[in-house]
Participant: 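Have a look at this one before I ask anything.
For this chain, numbers begin at 1 and follow the sequence in order. Values below: all heavy atoms of this structure, side chains included; hydrogens, waters and symmetry mates excluded.
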Amino acid sequence: MNGEIKFHKATGPAFHPGEVWVGGSGNRVTVVSVRKHENTSTNHTSDCSVLYEWVEGDAVRRHEKDAWNFQVRYTHNADLRER
């Protein structure tokens with residue numbers, strides 16, 4: 001890796017369940033699953049949704065976002081180590 005942040009394919013290892021991503025404020029989220037949207041025939045990053053979770057107090061919160069928007073907000077943990 002050359003130290004630049006890159007967009008990962010939603011079907012790649014960065015999106016495997018258990019992978020950790022970090023938000024701009026340092027909050028950590030964990031990928032639960034990825035699913036391809038119905039009726040899509042292409043393999044664009046925005047064709048998949050990411051279900052992810054984080055701990056907030058005593059509760060585990062979950063949210064789903066398309067993989068492109070997810071990557072706009074979060075950076076894969078390995079990319080942060082490469083900086």
Participant: Could you check whether atom CZ of R35 has more than 12 heavy atoms from other residues, nucleotides or ligands sitting under 6.0 Å from it?
Facilitator: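 Yes, enclosed.
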
Participant: Please round to the nearest 0.5 Å and tell me the distance separating atom CD of E56 and atom CG of D58.
Facilitator: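 So the gap between those two atoms works out to 11.0 Å.
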
Participant: Evaluate the side-chain contact (heavy atoms from CB on, under 4.5 Å) criterion for residues K65 and V50: first the C-alpha distance (whole Å), next the side-chain angles of each, then the deciding distance (0.1 Å), finally the verdict.
Facilitator: CA-CA 5 Å; K65 190 175 284 212; V50 180; 5.7 Å; no

Participant: Would you compute the distance between atom OG of S33 and atom NE2 of H16 and round it to the nearest 0.5 angstrom?
Facilitator: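 NE2 of H16 is found 12.5 Å from OG of S33.
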
Participant: Should R62 and V32 count as side-chain neighbours, where that means a heavy-atom distance under 4.5 Å?
Facilitator: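 Sidechains of V32 and R62: in contact.
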
Participant: Do the two ring centres, one from Y74 and one from W54, sit under 6.0 Å apart?
Facilitator: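 Between Y74 and W54, the centre distance exceeds or equals 6.0 Å.
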
Participant: Looking only at non-hydrogen atoms, find the nearest pair between V31 and F15 and report the distance.
Facilitator: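 The answer is CG1-O, 3.3 Å.
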
Participant: Step by step, would you call W68 with H8 a ring pair (Phe, Tyr, Trp, His ring centres under 6.0 Å)?
Facilitator: CA-CA 9 Å; W68 189 89; H8 297 269; over 10 Å; no

Participant: Does a sphere of radius 6.0 Å around NZ in K36 hold more than 12 heavy atoms from other residues, nucleotides or ligands, not counting ones at 6.0 Å or beyond?
Facilitator: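 Counting neighbours around NZ of K36, more than 12 heavy atoms of other residues, nucleotides or ligands fall under 6.0 Å, so yes.
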
Participant: Under the criterion side-chain contact (heavy atoms from CB on, under 4.5 Å), I'd like the reasoning laid out for Y52 against H63: C-alpha separation, chi angles, the key distance, then a yes or no.
Facilitator: CA-CA 6 Å; Y52 60 99; H63 189 71; 3.2 Å; yes

Participant: As an exercise, state the distance from CD of Q71 to NE2 of H76, rounded to the nearest 0.5 Å.
Facilitator: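 So the gap between those two atoms works out to 9.5 Å.
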
Participant: Supply the atom-to-atom distance T75 OG1 to W21 CH2, rounded to the nearest 0.5 angstrom.
Facilitator: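 Output value for this atom pair is 7.5 Å.
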
Participant: Is the closest side-chain donor-acceptor distance between H37 and D66 under 3.5 Å?
Facilitator: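 On atom types as modelled, these side chains do not qualify, holding no pair under 3.5 Å.
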
Participant: Output the distance between atom OG1 (T11) and atom CG (D47), rounded to the nearest 0.5 Å.
Facilitator: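 Separation between the atoms: 10.5 Å.
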
Participant: F70 and V29: side-chain contact (heavy atoms from CB on, under 4.5 Å), yes or no, with the steps?
Facilitator: CA-CA 11 Å; F70 178 83; V29 300; 4.0 Å; yes

